[in-house]
Amino acid sequence: MDLFLQTLVAGLLAGVMYSSVALGFVLIYQASGVFNFAQGSMVLLTALTYVSFVETGAPFWLALLAVLAVMVVCAVFIERLILRPLANRNPMVLFVATLGLSYIIQGAAQLAMGTDVHMLDLGIADDSVQIGNLSLSKFDLFATATAIVLVAVISFVFNRTRIGISLRAVADDVVAAQSIGIQLPRIWRIVWSVAGFVALAAGLLWGARQGVQFSLTLSALKALPVLIIGGFSSMPGAIIAGLLVGATESLADFYLGPLVQGSVSTWFAYILALLFLLIRPTGLFGERAIERV
Amino acid sequence: MEIEPSLAAGTAVVPPRSRSEILKRSAIVALAVAASLAPLGLSDYWINSILIPMLAMGLAGVGLNLLMGYAGCVSLGSAAFMAVGAFAAYNLLLRLPVLPLPVVMILAGLIAAAVGVLFGLPSLRIKGFYLAASTLGAQFFIEWLFTNFPWFCNYNLSLVITAPRLQFFGWNLRSPQGRYLMVIVTTLSLVTLAYSIIRSRIGREWIAISDKETAANIIGINVGSRRLLAFAVSSFYCAIAGILWGFCYLQTSNAFSFNLDKSFTILFIVIIGGTASILGNFIGAAFIVLTPIFLDLAVARLGLTDYVNIGVTTNLQRVLFGVMIIYILIKEPNGLYRLLQRVVTSLFSQYRRSSAV
Amino acid sequence: MRPPSSTASGAFIAASSPNGIGSNEVLLETKNISLAFKGVTALSGVTFDVRKSEICALIGPNGAGKSSLLNVINGIYRAQSGEIVFDGRHFRKMTPIDAARRGIGRTFQHNELSPRLSALDNVLTGLASRGKTTSCENAFRIGRDRAERQHFLALAEKVVAFLGLQKHVHKSVSTLPYGIQKRVDLARALVSEPKLLLLDEPMAGMNQDEKQDMRGIVSEVNSRFGTTIVLIEHDIGIVMQLAHHIVVLDYGRKIADGTPEQVRNNADVIKAYLGENYGRD
């Protein structure tokens with residue numbers, strides 16, 4: 001039983017990481033209807049940029065600011081060169097465009113900063129802490145706390161500030177929002193910058209955990225099943241689904257792994273998502289669309 | 001009942017015998033003939049490093065194109081079906097040596113088709129983007145399957161498969177020319193079949209489904225069964241492409257040769273070359289195959305070989321592909337094929353104008 | 001029984017004469033159909049009959065549930081209660097492809113033609129449910145494929161000639177004028193020789209001349225082929241000329257059901273339309 005709990009909790013904490021990446025996806029999807037495949041590459045970009053700055057001796061806060069600046073610049077470029085020309089095309093086109101974008105970001109980031117693995121040290125030791133019968137990693141707890149703070153900040157921004165309300169207006173009805181004077185390009189730039197900020201949080205956490213390298217992009221792909229289960233346009237959905245995926249993946253690895261002599265985590269989340277789709281096509285919290293003819 | 005000649009001449013999926021249509025068909029036939037005779041004139045390098053990979057990837061592109069451009073389902077797992085084809089063929093050649101090569105290829109294709117239908121079943125309930133996610137699942141699952149169960153590669157220590165024998169009626173096909181023969185014959189036959197499918201009821205109904213799905217249902221098209229057929233056919237094509245890629249090009253391959261990056265590459269081929277155009281797939285494949293070669297040449301020409309390692313060219317390639325994709329999507333959504341078509345037509349009209357003077 | 005001719009004045013006579021359509025057998029019956037989405041009631045206890053070879057018009061203010069009713073008959077929406085009887089068979093639920101197989105054809109308010117196909121190809125897709133060849137035969141052009149292709153082309157030719165679309169057959173539908181597209185949509189529905197034809201606002205977006213043309217076509221389809229027709233139409237003038245039988249819906253409920261003459265004088269109908277200018281278009 002203890003072992004079960006231990007695996008479960010470890011999975012939940014890993015799930016926190018998934019949730020944080022998924023949040024970035026949801027933000028962009030809600031505001032611009034685009035599934036941003038490049039979110040994963042953005043995670044890599046932020047982590048790499050941060051690490052490069054730190055390695056040249058810059059202090060923590062400077063590196064952070066630098067990364068944020070980079071992400072804002074990226075958001076402006078993306079809006080200008082990709083979102084605007086493709087504004088009225090169907091979602092699949094935009095999705096493939098973000099796929100292209102992810103290639104550009106990965107390639108450019110690694111061209112600029114090299115392909116070696118970098119270690120990322122956030123100053124938090126990976127010791128374990130005993131809570132009851134469970135032994136938890138300090139780092140994981142820190143990651144969870146960060147994620148909670150992140151969600152709280154984003155919820156606050158969305159619900160209490162003017163910008164946040166504009167973002168929600170755009171998410172609800174693009175045309176209506178425009179008709180009351182909300183400027184779409186500006187909104188998109190803001191949203192993509194915020195998504196960049198979320199990517200940074202995820203990038204730092206994940207980079208600290210497994211080193212900053214190309215595989216970060218692949219880990220971000222895990223967010224896709226999370227979104228499917230949670231619904232693409234729901235932030236609470238992304239969080240809960242992230243935890244769910246993390247937990248079940250961890251348990252599956254633990255219990256099924258020995259049966260098949262390997263780890264099943266590369267594909268387990270996807271099969272889970274598939275099953276969910278068959279039972280509940282719009283995810284736990286998504287909206288159901290009715291097609292009219 | 002007398003059928004009006006104008007009706008029988010064809011449908012817009014095959015427009016009637018207009019001038020440009022005849023021109024296009026002659027061009028395709030000419031290309032096919034040239035491709036068949038290629039080994040006589042070209043060096044081994046050209047055959048091994050350019051033509052064979054181009055044709056194999058082009059064929060994979062055709063497979064994905066039939067699914068995406070005609071039946072309208074996005075798949076991010078085409079490379080997985082290439083893997084199924086390669087591994088199935090390997091095991092068949094190994095364990096049932098009595099079977100001749102073409103039979104092995106067809107059987108491997110059918111196995112992949114069955115797997116394709118299995119992973120395509122969700123398409124009966126979910127659409128578009130979510131379906132893409134499920135194909136990603138297929139990609140990861142199949143990659144995992146071939147990496148974790150050594151039986152598939154006959155317990156080879158490095159998990160690789162090598163073609164046990166490639167021969168047809170006693171002719172050894174191991175040489176570059178032999179392998180090329182295998183590739184070109186296979187590709188030409190399958191491309192012919194693809195054209196036949198597109199021009200039939202099947203192609204028509206696929207397009208109707210991808211354009212207006214609800215209406216297609218109402219007018220009586222069996223959307224579910226047509227979609228599954230698209231998955232089956234697409235997987236079959238990808239499987240054959242996988243055999244060509246694994247045995248005729250790489251000659252030694254493993255599950256990683258058919259990884260996610262490869263699936264994306266195939267997707268890029270379809271988009272860059274032009275969806276809903278078979279010739280376009282080969283143009284796209286040419287782009288994908290030639291770009292790294294040009295990059296290497298450029299680096300060598302500029303004398304930068306010492307400063308630039310393989311990581312740099314790979315990343316440069318990534319950026320180039322990404323830029324190309326976005327450019328195509330914005331400027332010419334019908335791909336390089338349409339771009340080339342426009343260039344050729346404008347050249348022709350200029351020629352006609354100047355010769356009319 | 002031979003269907004009576006449906007000329008403009010014939011419609012009234014036929015419906016009310018004892019040997020007219022009124023005594024044909026019933027082809028379609030809807031019994032107590034109720035449909036609701038997300039708490040909004042679209043249809044409520046709708047019951048009516050359609051007899052063979054009659055033209056039945058569904059009219060009513062916008063949002064009355066007419067399209068929803070058509071969608072239920074087609075199998076796109078599943079009614080929460082009630083049943084449908086078509087051609088003697090009872091259905092609690094129907095799938096769209098079943099409907100097509102049983103001989104229910106449909107046109108769409110917005111045509112819903114496939115833009116990448118030619119007019120002829122669009123028409124040919126209407127024969128999808130009548131195909132008997134397997135995919136293998138289609139792909140490799142063996143077996144019954146050739147005979148089926150010729151048969152389909154013959155059927156398409158018949159319908160193309162009937163609707164005067166010969167000039168447009170090979171053109172991509174996105175290049176065709178709206179009125180021609182509507183005919184292609186109709187051709188697609190007719191090519192499989194359906195028993196019941198559902199027309200969703202066949203005259204939408206047309207001027208008076210075009211409307212009269214379409215009215216003539218609908219009338220001829222009914223008189224020449226004996227096809228039973230249910231149509232949704234807003235132009236009351238046309239409806240009065242064309243239909244044998246009118247069903248009026250308002251807020252998802254049936255408020256009148258009878259011959260054009262009966263419906264015209266019905267107080268409830270007049271009340272439902274009060275304040276609306278109809279006949280101006």
Side-chain angles (χ1 to χ4, degrees), chain B residues 1-18 21 66 69-70 72 113 189-190 192-226 228-230 232-233 236 275-276 334, chain C residues 71 74-76 95-101 104-106 108 110-122 124-131 133 135 137-141 145 148-158 160-161 166-167 169-173 185 188-189 191-192 198:
Chain B
M1 154 143 341
E2 185 70 38
I3 299 179
E4 268 196 56
S6 65
L7 281 191
T11 62
V13 182
V14 175
R17 302 271 146 106
S18 64
E21 179 62 23
L66 289 175
Y70 290 94
S189 338
L190 285 182
T192 313
L193 180 62
Y195 274 117
S196 172
I197 293 179
I198 291 171
R199 283 165 196 188
S200 71
R201 220 182 107 197
I202 301 175
R204 195 164 58 220
E205 288 170 23
W206 277 347
I207 294 183
I209 293 174
S210 64
D211 280 348
K212 302 265 187 225
E213 187 176 328
T214 315
N217 245 316
I218 297 172
I219 64 181
I221 296 180
N222 193 336
V223 173
S225 116
R226 282 298 183 222
L228 289 179
L229 181 64
V233 172
F236 184 91
T275 50
N334 288 314
Chain C
N71 286 342
N74 249 139
I76 307 167
T95 60
I97 192 177
D98 240 350
R101 284 199 188 124
I104 301 182
R106 163 104 189 236
F108 303 93
H110 303 292
N111 301 335
E112 307 287 334
L113 294 172
S114 176
R116 287 191 284 161
L117 294 175
S118 67
L120 179 60
D121 275 327
N122 270 292
L124 285 170
T125 54
L127 287 167
S129 54
R130 301 279 183 265
T133 50
S135 308
E137 290 173 288
N138 292 137
F140 294 101
R141 310 220 177 175
D145 182 68
E148 189 176 79
R149 272 175 205 254
Q150 298 204 317
H151 177 56
F152 278 9
L153 273 177
L155 289 173
E157 193 224 26
K158 202 167 111 185
V160 158
Q166 295 91 329
K167 277 193 309 173
V169 278
H170 292 303
K171 297 194 194 144
S172 168
V173 293
D185 188 17
R188 180 175 61 178
V191 73
S192 55
L198 303 174

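Just so you know, these numbers come straight off a predicted model, no measurement behind them.
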Task: Residue S192(C) versus chain B: region with a heavy atom under 4.5 Å - done: neither
TODO: Identify which part of R130(C) has an atom lying under 4.5 Å from any heavy atom of chain B, answering side chain, backbone, both or neither.
DONE: neither
Open item on the list: Using 0.5 Å steps for rounding, measure from the CG atom of N217(B) to the OG1 atom of T95(C).
Closed with: 8.0 Å
- [ ] Would you sort out whether R141(C) and R199(B) count as a side chain to side chain contact (heavy atoms under 4.5 Å, CB included), showing the intermediate values?
- [x] CA-CA 10 Å; R141(C) 310 220 177 175; R199(B) 283 165 196 188; 3.7 Å; yes
TODO: Measure the spacing between CZ of R204(B) and OG of S118(C) and express it to the nearest 0.5 Å.
DONE: 9.0 Å
Open item on the list: Does any backbone or side-chain atom of L113(C) lie under 4.5 Å from a heavy atom of chain B? Answer side chain, backbone, both or neither.
Closed with: backbone
TODO: Please state whether the side chain, the backbone, both or neither of A139(C) comes within less than 4.5 Å of a heavy atom of chain B.
DONE: both
- [ ] Determine whether N222(B) and R101(C) make a side-chain contact, defined as any pair of heavy atoms from C-beta on separated by less than 4.5 Å.
- [x] yes
Open item on the list: Looking at every non-hydrogen atom in both residues, tell me the closest pair between S196(B) and N138(C) and how far apart they are.
Closed with: OG-O, 4.3 Å
TODO: Examine whether an atom of N74(C) lies under 4.5 Å from a heavy atom of chain B, and if so say whether it belongs to the side chain, the backbone or both; otherwise answer neither.
DONE: side chain
Task: Atom of G220(B), atom of A100(C) and distance for their closest heavy-atom approach - done: CA-CB, 3.3 Å
Open item on the list: For a 4.5 angstrom cut-off between non-hydrogen side-chain atoms, does R201(B) reach F152(C)?
Closed with: yes
Open item on the list: Just so I understand: if I count every heavy-atom pair under 4.5 Å between each of T125(C), L127(C), N122(C), T133(C) and chain B, which residue has the most?
Closed with: T125(C)
Task: Heavy-atom pair count under 4.5 Å with chain C, highest-scoring of L193(B), V233(B), I197(B), V223(B) - done: L193(B)
TODO: Show your working on side chain to side chain contact (heavy atoms under 4.5 Å, CB included) between E112(C) and I219(B) and close with a plain yes or no.
DONE: CA-CA 11 Å; E112(C) 307 287 334; I219(B) 64 181; over 6 Å; no
Task: I202(B) portion near chain C, given a 4.5 angstrom heavy-atom threshold - done: side chain
Task: For S210(B) against R116(C), the heavy-atom pair lying closest together - done: OG-NH2, 2.7 Å
